Amino acid sequence: MNQDSLLRIRDLTKDEIMGILKDAQLFGVSHKDWQLPQRKLVANLFFEPSTRTHYSFASAEHQLGCMVENFSAQGSSVEKGESLYDTVRTFESIGYEALVIRHPKDEYFRELENIRIPIINAGDGAGNHPTQCLLDLLTIYQEFGKFEHIRMAIIGDISHSRVAASNKEAMELLGGECVFSGPAQWQREGYPHMDVDAAIEWADVVMMLRIQHERHATSMQMSKADYLQQYGLTKERAARMKSHAIILHPAPVNRNVEIDSDLVEAPNSRIFKQMSNGVLVRKAVIKRAFGAEFEGGQ
Ligand code: CP
């Protein structure tokens, strides 16, 4: 496996995370037009649906001067039974220099240890979503200027969420605190649990999660309206957030299920800011994958 791959947050040190966030911030201010010193050929391989991750990677790659191909399993030799490894090895063999991959299998990248080009994990099953976590961290850092003692409440379908897992690892590494809330059957063992009302009042960062129906073996036995009242961010609950607290959501949002639709663009919501930050973080991750440096080694 290429050492410049990004597979899981836990593979990064605190300094590496802070380095990626620093580069992402520079991309947002003084280095908006910076491009890689050589044009690179990259492909985005999405075996699961995506809007934000897929197209913010594509945006980042184009902005960095890459040549970009977007692979769809539909219409490819995956439909003839080709394995993930053989698909990825093919992209490597025909000249691609880095791959962004989303796949429904937890830690799919374990099958790709012989691949030499950098792989950037754009989400594996219910396992990891490192670039989503990094853009969440950037959004928190822009707000509070630190991670130490920042309290994050992650509420909803925790057990099927790669975002919850990645953020727990990151916040613990960086000195923040994480609690988890939502329906008991969707909590994870070893994750500190707090009642939803208490969590919302306790937190500096309230992250709401979508119910990941596509990963559920059985359908939810609760109406959308009941879910919102019992576990969602209603206007009444939002009014009890700390005055400085912010709302995050990795999106896509199911309006009026996990969050009242009117709160999605409330003054303390950073949901669309997260998406803009996604491009900056992904530029930083691609820069890292190619071992590129800003002029002057900044
Ligand atoms: N947050 C996120 O991963 O969104 P997409 O599934 O649209 O990429």
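The basis for the numbers below is simple: all heavy atoms, side chains too, and nothing from hydrogens, waters or symmetry mates. Both counts, for ligands and for their atoms, begin at 1 and track the order of listing. What you see is a predicted model; the values in this text were computed from it and never measured.
- Residue contacts with ligand 1 include R102, since one or more of its heavy atoms lies under 4.0 Å from the ligand.
- Across R237 and D197, no two heavy atoms sit closer than the pair NE-OD1, 2.9 Å.
- Under the 4.5 Å side-chain contact rule for hydrophobic residues, I119 and Y96 share a cluster.
- Shown in contact with T51 at under 4.0 Å from a heavy atom are these atoms of ligand 1, numbered in order with element: 5 (P), 7 (O), 8 (O).
- Looking at atom 4 (O) of ligand 1, its nearest protein heavy atom turns out to be R52 NE, 3.1 Å.
- Separation of the F47 and Y108 ring centroids does not fall under the 6.0 Å cut-off.
- For G123, the heavy-atom gap to ligand 1 stays at 4.0 angstrom or more.
- Looking at residues two or more places apart in sequence or on another chain, you find a side-chain contact (heavy atoms from CB on, under 4.5 Å) between R110 and R8, E107.
- The side-chain heavy atoms of E61 and I286, taken from C-beta on, include a pair separated by under 4.5 Å.
- For the pair K168 and F180, the cation-pi test (distance below 6.0 Å, angle within 45°) is failed.
- With ligand atoms numbered from 1 in the order given, ligand 1 contributes 1 (N), 2 (C) to contacts under 4.0 Å with heavy atoms of Q132.
- Residue S50 places at least one N or O, backbone or side chain, under 3.5 Å from an N or O of ligand 1.
- Contacts with ligand 1 closer than 4.0 Å are made by backbone heavy atoms (N, CA, C, O) of A251 only, the side chain lying farther away.
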